[in-house]
Amino acid sequence: MHRIPDFIRGARVHFTFDHRTIEAYENESLASAILASKHNVLSRSIRYHRSRTVFCSTGECGWCAVEVNGESNIGACLRKCADGLTVQSQNAWPSAEMDIFSLLNMVRFSLTNTFYHRLFLYPKFLRQFYLRCIRLFTGVGRVQSKPLPQTRRTVANIHSPVVVIGNGLTGIGAAVTVAERGEHVILIDRGEAISKRKDDVGISPALLELIDKIKTLPQLEYWSNSNCVGLYENHTLGVITPDKLVTLHAKQIIFAVGALDAIPLFAGNDLPGIISARLAERLILKEGIAPGKKAVVWSVLGQSQSITSMLQHAGIEIVHQLQPEESIIEAKGGKQLYAVIIREADGRSRSMACDSLMIDALQPRNELLTQVGGQLQWDESTNGLVAMRDATLQTSVKGVRVVGEAAGCFMDENRCLVEARLAGFSALQDLGFDGIQDEINRLKEFSHTKRFDSINFPANSLNGVGYICFCEDVMEREIKLQMQDGYQSPELIKRRTAIFTGPCQGKYCRANAMRVYGVDVGATTARPPATPIRMKDLLSD
Amino acid sequence: MANSADIVIVGGGIAGLSLAVELKLRKAGHVVILERNYIGSGASARNVGRIRAMQLTEALTRYAKLCQQKYDQMADALGYNVLFWRAGYLWLLYDSDEIDRMRPIVDMHHRLGVRSELLKPEDVHRLVPQLREGEPVTGGVAHNRDGIVHHDAVVWAYYETARRLGVEIRQHTEVIGFDIQNEKVYGVQAREDLISTQCVVNAAGAWSSRIALMVGIKIPNSPIRREVLVTAPVKPFLSHAITFYRPTEGWFNQTLRGEVVAGVVNPQESSGVNSASSFNFLIRTASMIVKKMPALANLTVIRQWAGMYDVTPDHQPLIGESHQVRGFHQANGWSGRGMLLSPFSMQLLAEQITTGIAPGAMPEEFDPNRFAGIESLEEAQDYYQRYAKK
């Protein structure tokens, strides 16, 4: 990564990374500042100590977890640079760049996830010693023993007829629809105050218009910086606000929580240099950082035009754009990607030198819905897992609706707006509002427009060495090995391989794992919290 | 798939699987396990695998010691490393009356050869330095030979051994009824299949009272939910498995994998099969354990789940043949100690089934017929709660 010339940056700051001083600017995230300063690696993966940098832009993929001022597992992609910070890589010794334990990566094929159940038994008197040694290799990040400043929050029970989660176009659209009819609605989002969203580069006019409407609607209560932890029994949501721990009782719930970047399955799909197109966009537009010099672009969604023009604008050479019938077989590299091998339309493979691979692929967020057993189905059009919904967008859980990108409605602003209004009106009707049936019928017709022809996610990788789970370093072949051993149920595969049990809790691996073990077998239940929460944010007074 | 069996076991958890293995080792003929979900899907997959010999009562301590020995030998017997780790066990005491109460218990442990120690506050802090910053303790009881086991590995070890020995394991097969004639078992109805057998074992954990009702036996077991939270794995920083009873019962420890698991019990928990999680649990647990050990504040919670205790009124399991229906055996009511008790108990039950004689090591308190005929039973009083009461 390097800085784009002529970009207006913030003030200059200095911090240390692995004891070396990094010069950076205030507007940059720790990850981009470190990677723009000739460091290739931010951290090491949990089992095989593979090089990790950044992939997504939401802080949830966990690739870029570092220790900041003694606090471990902080996403370096979101934390802004500040003067005097002490940043340390995790799971690496002596440094992320030169990690002695990366030798484990070379013997990874003999370290399948249950190998230790047949080993470390003899001589018998060494058993406890072996366990103590195994223990040293587990876990990422240290725990400091000095006490932290603690903020305690008030516990509250709040009732609201309608609650909307997510402040994107769809979420705001749904909340405004409800509030315009005079019903009270709470809109919850993890992000900053809504007014700040207006400064976003490239914000759509439709969203701007909705944001302006919010101010005129007293029935719309907006909770910013609030994290919806989970959907629990009896239509209650657990929400952490800056000063409260709220059990929120809602009659109608609308999830407009958006989508996550997806990582397709191919050999070497976890190499540094592979980043999501949405992160590339943020780096270029907001931080003035170019994520590479020579890029290959793979838009699984088929929208590569806007991405390539943005990359070219940042001075990045486009080596190749994958066509819909092409796919990637293998990415080659160690601490840095140096080539990708592409399967062309006619079946031949071709190697291409590059230092970055931009992946534009999305997967809906389902975790909140599935926490109470909401049914998902495999959607052919988006080739992924989406919520099962009826004509009024209601899921299998009564009174809970999922709309917009969270329901697989990607890159389609008009459709998202239709869904937002339909969900809002249907929620109102369920609450007993009259005179909106015509409106609902009209919107129902619109919501049936065709989506994608087919999105091509690979279901296997070369020799089965592509990674399914990035939190726990699980390759495709390990899942297949467990199935051969008689562990067929997804719950057993999960426990045997540790997929779905890392910090991302299966958000990034669920769809890929299902493509491997069979989409009809079903998924495992998701558990709260929807995102990792620090214990210090859960303290009540 | 044969439709007759010498022995049918209802429930493919740790109890059912270990019983099947023990039976096969004693040449018990054709053994079938019927599991309504996947193997270990109940409490066997949802527990934290604490294996402790220091119990609060004498009978239980004597028995738990034998159960722990079973774990010691498990790896050799099954050829499988179940990661039984003697991490050490520590009860934290926060009041002076707790120390008075613990003194005779520790003496009892010593009589039975369990080397627990009553610790002063400074000893507690030396053992687990992170407790220094927390709420002041008045003492503690530690036992270094107690520890934790990888509970899933125990299930897999028995599962793989059972398959190797020729046990027929039918997963995703629910039992819907029994063939009973003249107060004797003649068969098990598993969905559309009727399996004829004269010996059935009810090892269905939280579902065992439902199974017993199918043969017309009322057992007073009631399932009670216990919730757990799990943090992201971190490097080793906490060795002992910690339990405290004040102000309410709670516990935490770091697993071999580096995750910290923790839970604080809700004293008002109502009974019933319920494996849903709750937000209040997160708040209650985080607030209390951070008070005890402030260093935990920095850990991130990545998951919460709930498991089920199958609790009997006296917190002792039901093991053995029922008097009411011949051929129907109970192996349930573990009351939260199934992981510890069941492998050894199932060895004894297998002996009993194959020889027809109850082994001497089987405590009388586990008699499966002790509640027969008692109409009104006291509300299940929590063993720990009784202890914690001033």
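These numbers come from a predicted model, not from an experiment. In what follows, every chain begins at residue 1, and chains take the letters A, B, ... in the order their sequences are listed.
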Can you tell which part of Ile46(A) gets under 4.5 Å to a heavy atom of chain B, answering side chain, backbone, both or neither?
-> side chain
Residue pair Phe279(B) / Thr236(A), side-chain heavy-atom distance below 4.5 Å = no
Side-chain contact test, heavy atoms from C-beta onward, threshold under 4.5 Å: evaluate it for Ser287(B) versus Leu538(A) and give yes or no.
-> no
Max heavy-atom pair count under 4.5 Å with chain A, selected residue of Asn280(B), Asn274(B), Val82(B), Val230(B) | Asn274(B)
Give, as side chain, backbone, both or neither, the part of Arg127(A) having an atom under 4.5 angstrom from any heavy atom of chain B.
-> side chain
Would you kindly say whether Asn298(B) and Arg534(A) are connected by a side-chain donor-acceptor distance under 3.5 Å?
-> yes
CG of Asn37(B) to OG of Ser489(A), rounded to nearest 0.5 Å, is 7.0 Å
Roughly how far apart are Arg527(A) CZ and Trp305(B) CH2, rounded to 0.5 Å?
-> 9.0 Å
So, for Asp485(A) and Arg163(B), which heavy atoms are closest and what is the spacing to 0.1 Å?
-> O-NH2, 2.9 Å
NE2 of His150(B) to CG of Leu131(A): how many Å apart, nearest 0.5 Å?
-> 11.5 Å
Check ion pair Arg135(A)-Glu259(B) (N to O, under 4.0 angstrom) | no
Does a salt bridge link Asp76(B) with Lys124(A), judged by any charged N lying under 4.0 Å from a carboxylate O?
-> yes
Supply the atom-to-atom distance Leu282(B) CG to Leu245(A) CG, rounded to the nearest 0.5 angstrom.
-> 9.5 Å
Heavy-atom contact with chain B under 4.5 Å, split by part of Gln128(A) | side chain
Derivation and outcome, side chain to side chain contact (heavy atoms under 4.5 Å, CB included), residues Ile39(B) and Leu492(A) | CA-CA 8 Å; Ile39(B) 50 150; Leu492(A) 291 174; 3.8 Å; yes
Which bit of Thr525(A) comes within less than 4.5 Å of chain B, counting heavy atoms only: side chain, backbone, both or neither?
-> neither
Ranking Cys471(A), Pro532(A), Pro529(A), Gly62(A) by heavy-atom pairs under 4.5 Å to chain B gives rank one to Pro529(A)
Side chains of Phe500(A) and Arg303(B): does their closest heavy-atom pair fall under 4.5 Å?
-> no
Nearest non-hydrogen partners of Val143(A) and Ala295(B), listed with the distance | CG1-O, 3.6 Å
Spacing of OG1 belonging to Thr300(B) relative to CG belonging to Asp537(A), to within rounding of 0.5 Å | 10.5 Å
Please determine, among Glu233(A), Arg153(A), Arg496(A), Glu71(A), the option with the most heavy-atom pairs under 4.5 Å with chain B.
-> Arg496(A)
Would you say the side chain of Ser277(B) lies within less than 4.5 Å of the side chain of Gln371(A), judging by non-hydrogen atoms?
-> no
Can you tell which part of Thr231(B) gets under 4.5 Å to a heavy atom of chain A, answering side chain, backbone, both or neither?
-> side chain
Quick one: which of Val140(A), Asn73(A), Ile134(A) has the most heavy-atom pairs under 4.5 Å with chain B, could you say?
-> Val140(A)
Flag side-chain contact, heavy atom, 4.5 Å: Thr501(A) against Arg257(B) | yes
Mutual orientation of the aromatic rings belonging to His117(A) and Trp156(B) [parallel < 30°, tilted 30-60°, perpendicular > 60°] = perpendicular
So, the part of Ala157(B) with a heavy atom under 4.5 Å from chain A: the answer is neither
Cut-off 4.5 Å, heavy atoms of chain B, and the answer for Glu367(A) is neither
For Tyr130(A), is it the side chain, the backbone, both, or neither that has a heavy atom closer than 4.5 Å to a heavy atom of chain B?
-> neither
Interface moiety of Val155(A) toward chain B, non-hydrogen atoms closer than 4.5 Å | side chain
Considering residues, nucleotides and ligands other than Arg46(B), do more than 12 of their heavy atoms fall under 6.0 Å from its CZ?
-> yes
With distance as the sole test, does Asn81(B) use its side chain to make a donor-acceptor pair with the main-chain N or O of Leu119(A) at under 3.5 Å?
-> yes
Step by step, work out the ring pair (Phe, Tyr, Trp, His ring centres under 6.0 Å) result for Tyr159(B) and Tyr487(A).
-> CA-CA 10 Å; Tyr159(B) 172 59; Tyr487(A) 295 93; 5.3 Å; yes
Within a strict 4.5 Å, meaning less than it, do heavy atoms of the Arg142(A) and Val234(B) side chains meet?
-> no
Check the surroundings of atom CG in Leu165(B): do more than 12 heavy atoms from other residues, nucleotides or ligands lie under 6.0 Å from it?
-> yes
So, the part of Ile289(B) with a heavy atom under 4.5 Å from chain A: the answer is side chain
Residue among Arg132(A), Glu472(A), Arg152(A), Gln90(A) with most heavy-atom pairs under 4.5 Å to chain B = Glu472(A)
Could you tell me whether the side chain of Lys235(B) and the main chain of Gly139(A) form a donor-acceptor pair under 3.5 Å?
-> yes
Does the side-chain hydrogen bond (donor to acceptor under 3.5 Å, both in side chains) test come out yes or no for Arg284(B) and Ser540(A), once each step is laid out?
-> CA-CA 8 Å; Arg284(B) 180 174 71 232; Ser540(A) 71; over 6 Å; no
Drop me the distance from Gln505(A)'s CD to Ile302(B)'s CD1, to the nearest 0.5 angstrom.
-> 5.0 Å
